[in-house]
Amino acid sequence: MTSMQILPHPFYDRDAESVARDLLGKLIVRRVDDRLLIGRIVETEAYLGPHDLAAHSSKGRTARTEVMFGPPGHAYVYLIYGMHYCLNVVTGPGEHASAVLIRALEPVENVSITASGPGRLCRALQIDRRLNGHDLTQGELVVAQAEGFPRSLEIVARARVGVDYAGEWAGKPLRFYIAGNPYISRA
DNA sequence: GAAGGGATTCGC
DNA sequence: CGAATCCCTTCG
């Protein structure tokens, strides 16, 4: 396939909303043994930091949320509802305890089962807690940009999913997806 | 619409 | 300790 360029740390060292928008169209590259599983990000959600009542970091710094309080560009992976993993990338600026949830991928290479929805995405890419804290600029899980793609995208902003408990934060348009893409998790 | 399932957190 | 909660998915 075309050559790819791994996104460097400064890409992540910005506010979560900017990173969430700019991740659309980028590639998740997961290496399992000698196989590369590749998907294009088509849906994300921004979690802005401790003041955002929908963000895990708003509950304080704990063993589970520790990675969120660390440097940008690392994976924050946790188990939810006893059976699904969710993949987030830690953003900035600095150690701001903000992150972007990756909600859906469009299959690009070796992704046969559906990767729409955060739980299914992790199943498709064989992501579990062992990748919590992983540096996304190297190793078995990275985010990259294909040369010359994407050019321009039409982005839709909507309320985030599954955060009804978050009061006024529940309705803020911090979920982003590529308009018309068939792999988004829900309309 | 409800249940399934386990880690995590909080309250007693 | 027990109880409640959860950035979900699949089944009825």
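Convention: sequence-line order gives letters A, B, ...; per-chain numbering from 1. Predicted model only: the values in this text are computed from it and were never measured.
- At the phosphate of dC8(C), OP1 or OP2 sits under 4.0 Å from a side-chain N or O atom of Arg103(A).
- His74(A) and His9(A) have parallel rings, their planes meeting at less than 30° on a 0 to 90° scale where 60° marks the start of perpendicular.
- In this structure, CG of Leu48(A) is placed 13 Å from C1' of dC7(C), rounded to the nearest angstrom.
- When the C1' atom of dT9(B) is taken as reference, atom CD of Glu66(A) falls 16 Å away, rounded to whole Å.
- Residue Arg129(A) places at least one side-chain N or O closer than 4.0 Å to OP1 or OP2 of dT8(B).
- Taking every side-chain heavy atom of Tyr165(A) into account, dC6(C) is the closest of dC6(C), dG5(B), dA7(B).
- The phosphate of dA7(B) (OP1 or OP2) has no side-chain N or O of Tyr85(A) nearer than 4.0 angstrom.
- Put simply, Arg160(A) has no side-chain N or O that comes within less than 4.0 Å of OP1 or OP2 on dC8(C).
- dC7(C) atom C1' lies 14 Å from atom CG of Leu53(A), rounded to whole Å.
- The nucleotide dG11(B) finds its pairing partner in dC1(C), both defining distances of the Watson-Crick or G-U wobble pair being shorter than 3.5 Å.
- We find that Arg14(A) and Asp22(A) are joined by a salt bridge, their nearest charged nitrogen and carboxylate oxygen being less than 4.0 Å apart.
- The phosphate of dC7(C) has neither OP1 nor OP2 within less than 4.0 Å of any side-chain N or O from Arg175(A).
- Nucleotide dC7(C) forms a pair with no other nucleotide shown, judged by Watson-Crick or G-U wobble geometry with both contacts under 3.5 Å.
- Centre separation under 5.5 Å together with a plane angle under 30° does not hold for the ring of Tyr81(A) and the six-membered base ring of dC6(C), so they are not marked as stacked.
- Straight-line distance from the CZ atom of Arg61(A) to the C1' atom of dT9(B): 17 Å, rounded to whole Å.
- Checking the phosphate oxygens (OP1, OP2) of dG5(B), no side-chain nitrogen or oxygen of His84(A) falls inside 4.0 Å.
- Relative to the ring axis of Tyr183(A), Arg40(A) does not place its NZ or CZ within 45° and under 6.0 Å from the centre.
- To the nearest angstrom, C1' of dT5(C) lies 14 Å from CG of Asp164(A).
- For the pair Arg103(A) and Tyr177(A), the NZ or CZ position fails the cation-pi test of under 6.0 Å to the six-membered ring centre and within 45 degrees of the ring normal.
- The number of heavy-atom neighbours closer than 6.0 Å to CD of Gln138(A), taken from other residues, nucleotides and ligands shown, is above 12.
- Looking at the side chain of Leu79(A), the nearest of the listed nucleotides dA7(B), dC7(C), dT10(C) is dA7(B).
- A straight line from CZ of Arg64(A) to C1' of dC10(B) spans 13 Å, rounded to a whole angstrom.
- Atom CZ of Arg120(A) and atom P of dC8(C) are 12 Å apart (whole Å).
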